[in-house]
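Contents: one structure, followed by commentary.
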Amino acid sequence: MTRVAGVVVFKAKAGLGEEAAKRIAAALPAVETEAGTTLWLVLHSNTDADKIFLVDLFDSEGSLNAHMSGNAASQIFATVPELLAAEPELHPSAVIASKPAA
């Protein structure tokens, strides 16, 4: 089971959450080329329109490091910060339990 995960919380400036989510999601083609990124989700909060969560799982610590220095992360951090009210919160994480996606 994948044990290495990352959660990033983005807080957009008022009214810019949808645009920030679109810019983050635009990195999907780059993520799809990363063999070690086993799951990548962009979630737009239903309770706070200006909050976006990025959740990803990796097959190893090396894959996490490659992802963070790769094209997807570079694209996100080049296009999204101008829309943010605060610095993104990066939360390196460990998977405790999971149900495989169908």
Side-chain angles (χ1 to χ4, degrees):
M1 176 165 92
T2 302
R3 297 270 180 215
V4 181
V7 177
V8 183
V9 181
F10 295 89
K11 178 64 175 172
K13 294 175 185 172
L16 296 178
E18 186 173 339
E19 179 62 25
K22 286 179 184 176
R23 290 188 189 185
I24 295 165
L28 179 59
V31 173
E32 289 177 328
T33 68
E34 300 173 354
T37 303
T38 60
L39 177 73
W40 191 79
L41 300 170
V42 178
L43 308 172
H44 192 189
S45 174
N46 287 335
T47 60
D48 182 343
D50 294 317
K51 192 170 278 189
I52 302 99
F53 304 95
L54 177 57
V55 180
D56 32 24
L57 300 179
F58 305 96
D59 63 9
S60 68
E61 197 73 35
S63 293
L64 165 63
N65 294 334
H67 172 76
M68 291 305 294
S69 63
N71 292 335
S74 295
Q75 179 180 339
I76 290 168
F77 289 111
T79 61
V80 176
E82 67 188 79
L83 303 176
L84 300 180
E87 289 290 317
E89 296 177 25
L90 282 74
H91 300 274
S93 305
V95 176
I96 302 304
S98 68
K99 175 182 174 183

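Below, all heavy atoms of this structure are taken into account, side chains as well, without hydrogens, waters or symmetry copies. As the structure is a computational prediction, the values presented were derived from the model and not from experiment.
Cluster annotation: Leu43 is not connected to Leu83 through the hydrophobic network of ILVMFWY side chains, with a link wherever side-chain heavy atoms come within less than 4.5 Å. In the hydrophobic clustering of ILVMFWY residues, with side-chain heavy atoms under 4.5 Å counting as a link, Leu84 and Leu16 come out apart.
Of the inter-residue distances, the one linking Arg3 atom CZ with Ser93 atom OG reads 13.5 Å to the nearest 0.5 angstrom. To the nearest 0.5 Å, atoms CG (Asp56) and CG (Leu39) are separated by 8.0 Å. With rounding to the nearest 0.5 angstrom, the CD1 atom of Ile76 is 11.0 Å from the CG atom of Asn71. The distance from atom NZ of Lys13 to atom CD of Glu19, rounded to the nearest 0.5 Å, is 12.5 Å. To the nearest 0.5 angstrom, Ile24 atom CD1 is 9.0 Å from His44 atom NE2.
Judged by distance alone, with hydrogens and angles left aside, the side-chain atoms of Asp50 form no donor-acceptor pair with the main-chain N or O of Lys11 at under 3.5 Å. Not a single donor-acceptor pair under 3.5 Å links the side chain of Thr38 to the backbone N or O of Asp59.
For the pair Phe58 and Gly6, the tightest heavy-atom approach, listed with the atom from each and the gap, is CE1-N, 4.2 Å. Residues Leu57 and Ala5 come closest through the heavy atom pair CD2-CB, 3.5 Å. When every heavy atom of Val31 is checked against every heavy atom of Ala72, the shortest pair comes out as CG2-CB, 3.5 Å.
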